[in-house]
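As structure tokens, the structure follows; a few thoughts come after it.
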Amino acid sequence: MKKLLNAPTAYVDEVLDGLTLAHPSLVRDGTAGRVIRRASGIRSGKVGIASGGGSGHLPLFTGYVGSGLIDTCAIGNVFEGPNIDSCMDAIRLANGGRGVLRLYGNYGGDRMNFDMAGEFLEEERIHTTTVLGTDDIASGTQDERQKRRGVAGLIYAYKAAGAKAEEGADLDEVTRVARKAVDATRTIGVALAPCRVPTADRPTFSLAGDEIEMGMGIHGEPGIWRDKLKPADAVVDEMIDRLLADQPVTTGRISILVNGLGATPLEELFILYRRAAERLRQAKIEIVQPLVGNYVTSMEMAGASISLHAIDDELATLLAAPADCPFWRVP
Amino acid sequence: MKKLLNAPTAYVDEVLDGLTLAHPSLVRDGTAGRVIRRASGIRSGKVGIASGGGSGHLPLFTGYVGSGLIDTCAIGNVFEGPNIDSCMDAIRLANGGRGVLRLYGNYGGDRMNFDMAGEFLEEERIHTTTVLGTDDIASGTQDERQKRRGVAGLIYAYKAAGAKAEEGADLDEVTRVARKAVDATRTIGVALAPCRVPTADRPTFSLAGDEIEMGMGIHGEPGIWRDKLKPADAVVDEMIDRLLADQPVTTGRISILVNGLGATPLEELFILYRRAAERLRQAKIEIVQPLVGNYVTSMEMAGASISLHAIDDELATLLAAPADCPFWRVP
Amino acid sequence: MTAITTQHIAAAVSGAKAAMGDLEQVLNEADSKLGDGDTGSMLTRLIDRLAEADTATEPSLSDTFSKLARAAMGATGSSLGTLFATGLMTASRMTKGREAIPWSELAPLLSASRDAMMARGGAKLGDKTVLDAIHEVALAVEGLNDPVAVAQSAKQAGQVVLERFFNESCKVGRARMFADKSVGMHDPGMLAFVKLVDAVAR
Amino acid sequence: MTAITTQHIAAAVSGAKAAMGDLEQVLNEADSKLGDGDTGSMLTRLIDRLAEADTATEPSLSDTFSKLARAAMGATGSSLGTLFATGLMTASRMTKGREAIPWSELAPLLSASRDAMMARGGAKLGDKTVLDAIHEVALAVEGLNDPVAVAQSAKQAGQVVLERFFNESCKVGRARMFADKSVGMHDPGMLAFVKLVDAVAR
Ligand SMILES: Nc1ncnc2c1ncn2[C@@H]1O[C@H](COP(=O)(O)OP(=O)(O)O)[C@@H](O)[C@H]1O
Ligand SMILES: Nc1ncnc2c1ncn2[C@@H]1O[C@H](COP(=O)(O)OP(=O)(O)O)[C@@H](O)[C@H]1O
Ligand SMILES: [Mg+2]
Ligand SMILES: [Mg+2]
Ligand SMILES: [Mg+2]
Ligand SMILES: [Mg+2]
């Protein structure tokens, strides 16, 4: 598991330097430089959206800072939540006077730090709400849905909330649509090969040369089964079946994200998408704005996830609204 | 080297199906469905740009079909040139009555097939010219520059020629800027891990767990040296030194492409970019429109390439002109 | 009779730092089985930051704990690191204005930290987390006022708790979904706490 | 006295197809040393297409070669495949209107194909490519009119040329840059031609 890096402990800061140098619409801010915000700052009178999470998932989280998406992002070390200071900075920097939605994945560290940041900020009287991404169906049963982890599907919540905030909606409305987008989204992943945390001397898990693991988390947390590699169509079929079983698509319309975990080539993602589209067509579900590519990764992990985002008219409108960040653009 | 696919022999067609399903601006055409063209067709009166090459390099080649870029693309099997029929189809479909520039990489099979296609098309009186991408400095010495292979830097030629054609320029002008863009571009790659052709039962090369190879080609062809993994900065320094030695940047301005070969995470590309930008700043070379990401890949090969595209006012204008395809957009 | 002072805390931090050299990859490895493989590297960084925080001139134990808490918070936002910082903040609150506390106050300090960590993280005793280890050590040193006895009991309690939970399953985080897989291995947070107690209580 | 007919060509194609089962990965492997590792899979596909092309009812050898050339062109755009198709096109041109040709005309057919391939690909004899193998076989069967003797000589020539170039370096393509690395291995195109001659000349 070779990596092109310098000191492993400098990894995150060098990545952020490169990211912001290459994309001037993003700037580093915050006490420790661990917040990415829009270069233009928060528009006064707009509800702010602050997110955050661990490093190692580019374009998530920092890459989605942009118009029609999120305003600020607190970023931690690889697979570690952002620290309290960064969370506080991200919330403050997203404050345009109409409150801030905290929108991030449902991970222990992230939650504790955003919570503590909120407590510290109480006296500053920034009105905040929280919505947690919980789309990974392999990370909790149906009746524990609120305990599920947030993975690739989080970007649909960014999109909905970001579009609503850009419209000038108030915090309650932005919060409502973020929650609605989370509720409408389900994801499952399949892993082919692990990644390695830069400071660790071995990969986060190991899989035999002919094995895959269904349902694995984006940090390499255990999945539902581990078995021999199967044909792509069989893998997709199982993923789609599991997603639809967890959430019947009553609206008849979805957006789908076929997401690469990092090391899986675009070619394979298109092979997966082809089958997924076929299956959805058979199920008489219309696909709107499909996304195929590396949207939420785990460094050099190999594999893919599929997210289904069931949309009604409101979510469809928010999804189609203009958005622009270095890694996702809706014209 | 696990792959998510069905029959290895169905790989390319399934990829193209997925690609065109996900991106309706691209459609399959040609006798064997091995041409990708713009859904809108060629605009009458515009010079056409036809490209082509082997599969396995997405987003290259087919992904760059779009406004301000190329019009059609003949696509072969993995690492094989497109066949004559596809080349003929691509040229015909790019013909809007003002001639067609054939713009592709300098590989044996591609060249022979585009040449033969040209001969077969002679009686159809489509006026064509040819420009070959030759940016890979590790594939030939300075005095054999015309023998060098085309790699990631080819997209700069797409951009320049595409912008010029969109302006309404004639074939000679479009050909001139394509050649100028090729002449102004140099690339070098470094590989960390191989890929596998879907029908082959082993990778195209092997590298020890702690080795890298400088100058390796995008099909795994041998490079300049093979040695222990070095710090990212040292790798970048050597790459930049080699690029600048091959082509002193007299214009003082370049665009740079830090390109992932497929399995290398964005994080590492930003670490490389950070250093490259530092080095160019030290050399008092201004960076315009940097590109960091997977633009030209070799499926799941790990590693990166750096391309420098030295620009004068003309190339700068063409680079900045609007362009839009699923994988590269200039607003 | 000795009491716990800022110097003891500084010595504990040095001891912990020295121990992390060997522990880093062991803890990463433990975490990689069910989590993301970063516990060791996170703790290494966190303890490096504690060691960098100059606490020698802090007027009270409370200030020392507070400075360390802030250093810990700056070092990470991971679950364990944040809980660790939460524990330090609690210790700071409980030692307001005091330059030293008798060893017998270690147990209530640990218990209060444990409770604050439970409130913050939402886990319960028995879930097979760092909490169970803190709890066990707190119980073991309860009423003891002799540093040697405290060290002895703490170390012993660490071994006991590790063994007791080895064949239990994790009940928090994603690991709870794969309870079976967590049987027959140590929880990385628990293991970290026990190993650091060992190092500090030499 | 026998002559080369459409039936011979069909038999040669079947023989080649049967041989590819074992040859596919051997040739991929040979190509992976300096090229991109696809020679075997490309040839397998190409020869499958030739076998699918129904040439039984073609009126002349020329039509048979032409049909095969078109099948080959449809199968690939790789260097070797395209050169192969170029050779077949040349054979077609040289056999216009003829239902059969004597075995003694095999040599001029091979020579003409070789020349067309040189013109198309720009390589020279001695560059260590498939051309050298074709050349050697053409020389070896020159003047022979007995199919058994032709087969014998062709097979022998194949061994000779493989050995002769084994320690030479490649002079075309990217491999020329790393001439040293190509010493001590077979050129995949040359190896393919020789192995297919072996299979066809059983
Ligand atoms: N909510 C919680 N309550 C108590 N302990 C927890 C909680 N979450 C995690 N832990 C402890 O933290 C350890 C994991 O730490 P670490 O790997 O640093 O965190 P992360 O899960 O953020 O990568 C676990 O082994 C467990 O002991
Ligand atoms: N220009 C050329 N002239 C003659 N033979 C060539 C030429 N280019 C390639 N070859 C032959 O083709 C072989 C490679 O075939 P193949 O792997 O199918 O092509 P590609 O290089 O397109 O992957 C080489 O070993 C060589 O014998
Ligand atoms: Mg972590
Ligand atoms: Mg090839
Ligand atoms: Mg962890
Ligand atoms: Mg080849």
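Convention: sequence-line order gives letters A, B, ...; per-chain numbering from 1.
- Contacts of D/Met117 with chain B are absent, with no heavy-atom separation under 4.5 Å from either backbone or side chain.
- Contacts of B/Pro82 with chain D are made by backbone atoms alone, with heavy-atom separations under 4.5 Å and no side-chain atom involved.
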Donor-acceptor pairs between chain D and chain B under 3.5 Å, which ones?
residue, atom, partner, partner atom, Å
D/Gln25, OE1, B/Asp201, N, 3.0
D/Gln25, NE2, B/Thr199, O, 3.2
D/Glu29, OE1, B/Arg202, NE, 3.2
D/Glu29, OE1, B/Arg202, NH1, 3.2
D/Ser41, OG, B/Thr199, O, 3.4
D/Ser41, OG, B/Thr199, OG1, 2.9
D/Arg45, NH1, B/Glu80, OE1, 3.3
D/Arg45, NH2, B/Glu80, OE1, 3.4
D/Arg45, NH2, B/Glu80, OE2, 2.6
D/Met73, O, B/Asn83, ND2, 3.3
D/Gly74, O, B/Asn83, ND2, 2.9
D/Thr76, OG1, B/Glu80, OE1, 2.5
D/Gly77, N, B/Gly81, O, 3.2
D/Gly77, O, B/Gly81, N, 3.4
D/Gly77, O, B/Asn113, ND2, 3.0
D/Ser79, OG, B/Gly109, N, 3.3
D/Thr82, OG1, B/Asn113, ND2, 2.7
D/Arg120, NH1, B/Glu119, OE2, 3.0
D/Arg120, NH2, B/Glu119, OE1, 2.7
D/Arg120, NH2, B/Glu119, OE2, 3.3
D/Arg174, NE, B/Pro222, O, 3.1
D/Arg174, NH1, B/Asp136, OD2, 2.6
D/Arg174, NH2, B/Gly215, O, 2.4
D/Arg174, NH2, B/Pro222, O, 3.4
D/Arg176, NE, B/Glu144, OE1, 3.0
D/Arg176, NH2, B/Ser139, O, 3.1
D/Arg176, NH2, B/Glu144, OE1, 3.3

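- For B/Ile224, the part sitting under 4.5 Å from any heavy atom of chain D is the backbone (N, CA, C, O) and nothing else.
- Surrounding NZ of D/Lys195 are at most 12 heavy atoms belonging to other residues, nucleotides or ligands under 6.0 Å away.
- Heavy-atom pairs under 4.5 Å with chain B were tallied for D/Gly121, D/Gly77, D/Gly74, D/Ala123; the largest tally goes to D/Gly77.
- Contacts between D/Ala75 and chain B at a heavy-atom distance below 4.5 Å involve the backbone alone (N, CA, C, O).
- Contacts of B/Ala200 with chain D are made by both backbone and side-chain atoms, with heavy-atom separations under 4.5 Å.
- With a 4.5 Å cut-off on non-hydrogen atoms, B/Ala138 touches chain D through its backbone and its side chain both.
- With sequence neighbours left out, D/Thr55 forms a side chain to side chain donor-acceptor pair (under 3.5 Å) with no residue at all.
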